[in-house]
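What follows is a single structure, written as C-alpha coordinates, with notes after it.
Below, read A as the first sequence line, B as the second, and so on, with proteins coming before strands; counting in each chain starts at 1.
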2 protein chains.
Amino acid sequence: MSITSDVIRGHTEPIILSHLIEGDSYGYQINKEIMEKTNNLYELKEATLYSAFRRLEESGLILSYWGDENVGARRRYYAITDKGRKAYQEYKKDWENAKDIIDKLLNNREGSSNE
Amino acid sequence: MSITSDVIRGHTEPIILSHLIEGDSYGYQINKEIMEKTNNLYELKEATLYSAFRRLEESGLILSYWGDENVGARRRYYAITDKGRKAYQEYKKDWENAKDIIDKLLNNREGSSNE
DNA sequence: CGTAGATACCTCGCCTGTCAAGGTATATAT
DNA sequence: ATATATACCTTGACAGGCGAGGTATCTACG
(Lines give C-alpha, C1' and ligand atoms only; values in the text may rest on other atoms or scores of the structure.)
Protein backbone atom coordinates (compact mmCIF):
# COMPACT_ATOMS: atom_id res chain seq x y z
CA MET A 1 0.00 0.00 0.00
CA SER A 2 0.87 3.67 -0.23
CA ILE A 3 4.03 3.65 -2.35
CA THR A 4 6.92 1.27 -2.91
CA SER A 5 10.64 1.94 -2.65
CA ASP A 6 11.06 1.18 -6.31
CA VAL A 7 8.54 3.72 -7.45
CA ILE A 8 9.91 6.41 -5.18
CA ARG A 9 13.44 5.75 -6.34
CA GLY A 10 14.84 8.77 -8.06
CA HIS A 11 12.24 11.12 -6.63
CA THR A 12 13.77 11.67 -3.23
CA GLU A 13 16.11 14.42 -4.35
CA PRO A 14 13.54 16.48 -6.25
CA ILE A 15 11.14 16.11 -3.34
CA ILE A 16 13.73 17.59 -1.01
CA LEU A 17 14.52 20.39 -3.45
CA SER A 18 10.84 21.15 -3.76
CA HIS A 19 10.65 21.68 0.00
CA LEU A 20 13.73 23.83 0.14
CA ILE A 21 12.36 26.15 -2.52
CA GLU A 22 9.88 27.33 0.07
CA GLY A 23 12.68 28.20 2.44
CA ASP A 24 15.59 26.75 4.37
CA SER A 25 14.76 23.76 6.49
CA TYR A 26 16.29 20.84 8.31
CA GLY A 27 16.00 17.07 8.06
CA TYR A 28 13.57 16.34 10.81
CA GLN A 29 11.23 19.09 9.69
CA ILE A 30 11.27 18.08 6.04
CA ASN A 31 10.51 14.52 7.02
CA LYS A 32 7.52 15.54 9.09
CA GLU A 33 6.16 17.81 6.39
CA ILE A 34 6.31 15.01 3.84
CA MET A 35 4.33 12.74 6.10
CA GLU A 36 1.75 15.44 6.73
CA LYS A 37 1.49 16.37 3.07
CA THR A 38 0.71 12.78 2.11
CA ASN A 39 -1.44 11.94 5.13
CA ASN A 40 1.13 9.40 6.26
CA LEU A 41 0.92 7.51 2.98
CA TYR A 42 4.57 8.09 2.38
CA GLU A 43 7.37 8.38 4.84
CA LEU A 44 10.86 9.23 3.73
CA LYS A 45 13.16 7.01 5.74
CA GLU A 46 15.90 8.77 7.66
CA ALA A 47 18.76 6.85 6.09
CA THR A 48 17.36 7.68 2.67
CA LEU A 49 16.92 11.30 3.57
CA TYR A 50 20.43 11.84 4.86
CA SER A 51 22.10 10.04 1.99
CA ALA A 52 20.11 12.24 -0.37
CA PHE A 53 21.26 15.34 1.50
CA ARG A 54 24.84 14.24 1.04
CA ARG A 55 24.43 13.67 -2.69
CA LEU A 56 22.65 16.96 -3.16
CA GLU A 57 25.32 18.88 -1.32
CA GLU A 58 28.15 17.09 -3.15
CA SER A 59 26.64 18.05 -6.47
CA GLY A 60 26.11 21.63 -5.37
CA LEU A 61 22.32 21.65 -5.49
CA ILE A 62 22.02 22.52 -1.82
CA LEU A 63 24.29 23.80 0.93
CA SER A 64 24.12 23.38 4.68
CA TYR A 65 24.87 25.29 7.85
CA TRP A 66 24.35 24.69 11.55
CA GLY A 67 21.52 26.53 13.19
CA ASP A 68 22.30 28.69 16.22
CA GLU A 69 19.64 27.28 18.49
CA ASN A 70 20.76 27.49 22.09
CA VAL A 71 18.03 25.19 23.29
CA GLY A 72 17.23 21.68 22.22
CA ALA A 73 19.07 19.46 19.80
CA ARG A 74 21.22 21.10 17.18
CA ARG A 75 19.85 21.42 13.66
CA ARG A 76 21.61 21.34 10.36
CA TYR A 77 19.80 23.62 7.98
CA TYR A 78 19.81 23.21 4.24
CA ALA A 79 19.38 25.86 1.55
CA ILE A 80 18.80 25.37 -2.14
CA THR A 81 21.29 26.93 -4.57
CA ASP A 82 20.65 28.43 -7.99
CA LYS A 83 21.96 25.25 -9.50
CA GLY A 84 19.49 23.40 -7.32
CA ARG A 85 16.60 25.52 -8.57
CA LYS A 86 17.53 24.80 -12.15
CA ALA A 87 17.89 21.10 -11.44
CA TYR A 88 14.48 21.11 -9.80
CA GLN A 89 12.87 22.63 -12.89
CA GLU A 90 14.57 19.99 -15.01
CA TYR A 91 13.36 17.25 -12.70
CA LYS A 92 9.82 18.47 -12.99
CA LYS A 93 9.93 18.43 -16.77
CA ASP A 94 11.45 14.95 -16.70
CA TRP A 95 8.72 13.78 -14.39
CA GLU A 96 5.93 15.07 -16.64
CA ASN A 97 7.64 13.25 -19.46
CA ALA A 98 8.14 10.05 -17.52
CA LYS A 99 4.51 10.04 -16.45
CA ASP A 100 3.38 10.19 -20.06
CA ILE A 101 5.74 7.43 -21.12
CA ILE A 102 4.78 5.12 -18.30
CA ASP A 103 1.09 5.85 -18.80
CA LYS A 104 1.42 5.01 -22.45
CA LEU A 105 3.26 1.79 -21.73
CA LEU A 106 0.93 0.76 -18.94
CA ASN A 107 -2.40 1.43 -20.55
CA ASN A 108 -2.88 -0.56 -23.68
CA ARG A 109 -4.98 1.06 -26.40
CA GLU A 110 -4.90 4.51 -24.90
CA GLY A 111 -3.03 7.65 -25.72
CA SER A 112 -3.33 6.63 -29.35
CA SER A 113 -5.88 9.41 -29.72
CA ASN A 114 -4.12 11.18 -32.58
CA GLU A 115 -2.67 8.51 -34.81
CA MET B 1 16.98 12.61 -21.59
CA SER B 2 13.80 10.64 -22.13
CA ILE B 3 13.63 8.64 -18.89
CA THR B 4 16.11 7.54 -16.25
CA SER B 5 16.76 4.08 -14.87
CA ASP B 6 15.70 5.19 -11.43
CA VAL B 7 12.35 6.45 -12.55
CA ILE B 8 11.65 3.35 -14.61
CA ARG B 9 12.58 1.09 -11.72
CA GLY B 10 9.64 -0.95 -10.62
CA HIS B 11 7.68 -0.33 -13.82
CA THR B 12 9.37 -2.92 -15.99
CA GLU B 13 7.21 -5.79 -14.84
CA PRO B 14 3.85 -4.05 -15.20
CA ILE B 15 4.91 -2.80 -18.63
CA ILE B 16 5.58 -6.35 -19.74
CA LEU B 17 2.29 -7.55 -18.26
CA SER B 18 0.48 -4.78 -20.06
CA HIS B 19 1.84 -6.05 -23.37
CA LEU B 20 1.00 -9.65 -22.66
CA ILE B 21 -2.60 -8.78 -21.90
CA GLU B 22 -3.00 -8.11 -25.61
CA GLY B 23 -1.76 -11.58 -26.45
CA ASP B 24 1.21 -13.88 -26.15
CA SER B 25 4.48 -12.43 -27.32
CA TYR B 26 8.23 -12.87 -27.10
CA GLY B 27 11.11 -10.79 -25.83
CA TYR B 28 12.38 -9.26 -29.00
CA GLN B 29 8.92 -8.30 -30.14
CA ILE B 30 7.95 -6.73 -26.82
CA ASN B 31 11.14 -4.73 -26.86
CA LYS B 32 10.48 -3.39 -30.33
CA GLU B 33 6.89 -2.49 -29.54
CA ILE B 34 7.98 -0.52 -26.51
CA MET B 35 10.40 1.49 -28.58
CA GLU B 36 7.77 2.16 -31.22
CA LYS B 37 5.13 3.07 -28.67
CA THR B 38 7.39 5.69 -27.12
CA ASN B 39 8.97 6.92 -30.35
CA ASN B 40 12.35 5.63 -29.20
CA LEU B 41 12.22 7.72 -26.04
CA TYR B 42 12.46 4.62 -23.95
CA GLU B 43 14.21 1.39 -24.67
CA LEU B 44 13.95 -1.52 -22.32
CA LYS B 45 17.44 -3.00 -22.13
CA GLU B 46 17.72 -6.69 -22.89
CA ALA B 47 19.34 -7.61 -19.61
CA THR B 48 16.55 -5.80 -17.80
CA LEU B 49 13.91 -7.46 -19.90
CA TYR B 50 15.09 -11.00 -19.40
CA SER B 51 15.64 -10.65 -15.69
CA ALA B 52 12.10 -9.30 -15.43
CA PHE B 53 10.78 -12.30 -17.37
CA ARG B 54 12.50 -14.58 -14.92
CA ARG B 55 11.02 -12.80 -11.91
CA LEU B 56 7.56 -12.75 -13.44
CA GLU B 57 7.66 -16.43 -14.24
CA GLU B 58 9.01 -17.35 -10.82
CA SER B 59 6.18 -15.54 -9.16
CA GLY B 60 3.61 -17.12 -11.46
CA LEU B 61 2.46 -13.96 -13.21
CA ILE B 62 3.46 -15.25 -16.63
CA LEU B 63 4.39 -18.60 -18.18
CA SER B 64 6.55 -19.42 -21.17
CA TYR B 65 6.76 -21.92 -24.01
CA TRP B 66 8.94 -22.36 -27.07
CA GLY B 67 7.43 -21.40 -30.38
CA ASP B 68 7.36 -24.00 -33.13
CA GLU B 69 8.91 -21.84 -35.84
CA ASN B 70 10.86 -23.98 -38.25
CA VAL B 71 12.62 -21.02 -39.79
CA GLY B 72 14.73 -18.35 -38.17
CA ALA B 73 15.84 -18.06 -34.59
CA ARG B 74 13.79 -19.81 -31.98
CA ARG B 75 11.39 -17.74 -29.91
CA ARG B 76 10.32 -18.13 -26.35
CA TYR B 77 6.76 -16.97 -26.02
CA TYR B 78 5.26 -15.62 -22.85
CA ALA B 79 1.64 -15.70 -21.72
CA ILE B 80 0.06 -13.85 -18.84
CA THR B 81 -1.71 -15.87 -16.14
CA ASP B 82 -4.82 -14.99 -14.16
CA LYS B 83 -2.58 -14.10 -11.30
CA GLY B 84 -0.68 -11.86 -13.67
CA ARG B 85 -3.86 -10.10 -14.75
CA LYS B 86 -4.77 -9.42 -11.15
CA ALA B 87 -1.27 -8.18 -10.37
CA TYR B 88 -1.45 -5.87 -13.37
CA GLN B 89 -4.67 -4.30 -12.15
CA GLU B 90 -3.07 -3.81 -8.75
CA TYR B 91 0.00 -2.23 -10.33
CA LYS B 92 -2.16 0.20 -12.23
CA LYS B 93 -3.97 1.30 -9.10
CA ASP B 94 -0.66 1.69 -7.29
CA TRP B 95 0.66 3.76 -10.13
CA GLU B 96 -2.29 6.15 -10.10
CA ASN B 97 -1.72 6.52 -6.41
CA ALA B 98 2.00 7.02 -6.69
CA LYS B 99 1.54 9.68 -9.36
CA ASP B 100 -0.70 11.67 -7.04
CA ILE B 101 1.70 11.38 -4.14
CA ILE B 102 4.74 12.36 -6.16
CA ASP B 103 2.86 15.21 -7.83
CA LYS B 104 1.84 16.50 -4.44
CA LEU B 105 5.38 16.30 -3.10
CA LEU B 106 6.93 17.79 -6.19
CA ASN B 107 4.67 20.74 -6.78
CA ASN B 108 4.60 23.12 -3.88
CA ARG B 109 1.37 25.02 -3.37
CA GLU B 110 -0.64 22.82 -5.66
CA GLY B 111 -3.09 20.04 -5.13
CA SER B 112 -4.22 21.99 -2.10
CA SER B 113 -7.32 22.89 -4.07
CA ASN B 114 -9.77 21.48 -1.55
CA GLU B 115 -8.32 22.18 1.85
C1' DC C 1 32.84 -18.51 -49.47
C1' DG C 2 33.15 -14.78 -46.02
C1' DT C 3 31.19 -11.41 -43.52
C1' DA C 4 27.82 -8.28 -42.26
C1' DG C 5 23.39 -7.39 -40.26
C1' DA C 6 18.94 -8.58 -38.55
C1' DT C 7 16.55 -11.69 -35.64
C1' DA C 8 16.41 -14.06 -31.27
C1' DC C 9 18.02 -15.78 -26.96
C1' DC C 10 20.88 -15.62 -22.51
C1' DT C 11 24.44 -14.66 -18.37
C1' DC C 12 27.73 -12.27 -15.35
C1' DG C 13 28.95 -8.75 -12.41
C1' DC C 14 28.90 -3.87 -11.33
C1' DC C 15 26.47 0.22 -9.72
C1' DT C 16 23.34 2.91 -7.17
C1' DG C 17 19.47 4.30 -4.20
C1' DT C 18 16.64 2.58 -0.44
C1' DC C 19 16.30 1.10 4.16
C1' DA C 20 16.70 -1.77 8.60
C1' DA C 21 19.30 -1.43 12.42
C1' DG C 22 22.04 0.62 15.15
C1' DG C 23 24.22 4.78 17.46
C1' DT C 24 24.72 9.84 19.67
C1' DA C 25 23.03 14.07 22.19
C1' DT C 26 19.63 17.49 24.33
C1' DA C 27 15.44 18.79 26.79
C1' DT C 28 11.06 17.83 29.25
C1' DA C 29 7.92 15.27 31.97
C1' DT C 30 6.71 11.64 35.35
C1' DA D 1 15.71 7.24 36.82
C1' DT D 2 13.28 6.48 32.72
C1' DA D 3 10.61 7.58 28.92
C1' DT D 4 9.50 10.43 25.00
C1' DA D 5 10.30 13.85 21.62
C1' DT D 6 13.54 16.26 19.06
C1' DA D 7 17.53 16.05 16.15
C1' DC D 8 21.52 14.16 13.94
C1' DC D 9 24.40 10.29 11.70
C1' DT D 10 26.67 5.58 9.84
C1' DT D 11 27.03 0.86 8.32
C1' DG D 12 25.94 -2.90 5.56
C1' DA D 13 22.60 -5.58 3.03
C1' DC D 14 19.53 -5.87 -0.82
C1' DA D 15 17.42 -5.51 -5.35
C1' DG D 16 16.68 -3.87 -9.97
C1' DG D 17 18.78 -1.85 -14.06
C1' DC D 18 22.23 -2.38 -17.35
C1' DG D 19 26.98 -2.64 -19.84
C1' DA D 20 29.44 -6.05 -21.80
C1' DG D 21 29.83 -10.15 -23.38
C1' DG D 22 28.20 -14.63 -25.46
C1' DT D 23 25.30 -18.12 -28.63
C1' DA D 24 22.59 -19.48 -32.92
C1' DT D 25 19.80 -18.83 -37.31
C1' DC D 26 18.80 -16.77 -41.70
C1' DT D 27 19.40 -13.40 -45.62
C1' DA D 28 22.06 -10.45 -48.65
C1' DC D 29 26.21 -8.92 -50.97
C1' DG D 30 30.31 -9.25 -53.48
Whole-Å distance separating the CG atom of Asp68(A) from the P atom of dA7(D): 14 Å
Sequence-aligned protein contact record of nucleotides 12-23 of chain D, with B where the base is within under 4.0 Å of a protein heavy atom and S where only the sugar-phosphate is: ---BBSBB----
Under 3.5 Å side-chain donor-acceptor pair for Lys45(A) and Asn31(A): no
CA sep, side-chain torsions, deciding dist, call: Leu61(B), Lys86(B), side chain to side chain contact (heavy atoms under 4.5 Å, CB included): CA-CA 9 Å; Leu61(B) 305 190; Lys86(B) 272 176 204 149; over 6 Å; no
Audit row: Lys99(B), Glu96(B), salt bridge (Lys or Arg N to Asp or Glu O under 4.0 Å) steps and yes/no: CA-CA 5 Å; Lys99(B) 269 196 294 187; Glu96(B) 292 305 319; 3.4 Å; yes
Output field: ring centroids Tyr78(B)/Phe53(B) closer than 6.0 Å: yes
Distance below 4.0 Å between Tyr50(A) side-chain N/O and dC8(D) OP1 or OP2: yes
Rounded interatomic separation in angstrom, taking CZ from Arg75(A) and P from dA5(D): 17 Å
Atom pair distance, as rounded to whole Å: CH2 in Trp66(A) and P in dA7(D): 12 Å
Salt bridge present between Arg85(A) and Asp82(A) (N-O < 4.0 angstrom): yes
N/O donor-acceptor pair under 3.5 Å between Lys92(B) side chain and Asn107(A) backbone: no
Opening and closing nucleotides of DNA chain C in contact with chain B, under 4.0 Å to non-hydrogen atoms: dT7(C) to dG17(C)
Contact under 4.0 Å: Tyr28(A) side-chain N or O vs dC8(D) OP1/OP2: no
Carboxylate-amine/guanidinium proximity below 4.0 Å for Lys93(B) and Glu90(B): yes
Whether Ser25(A) side chain and Gln29(A) backbone form a donor-acceptor pair below 3.5 Å: no
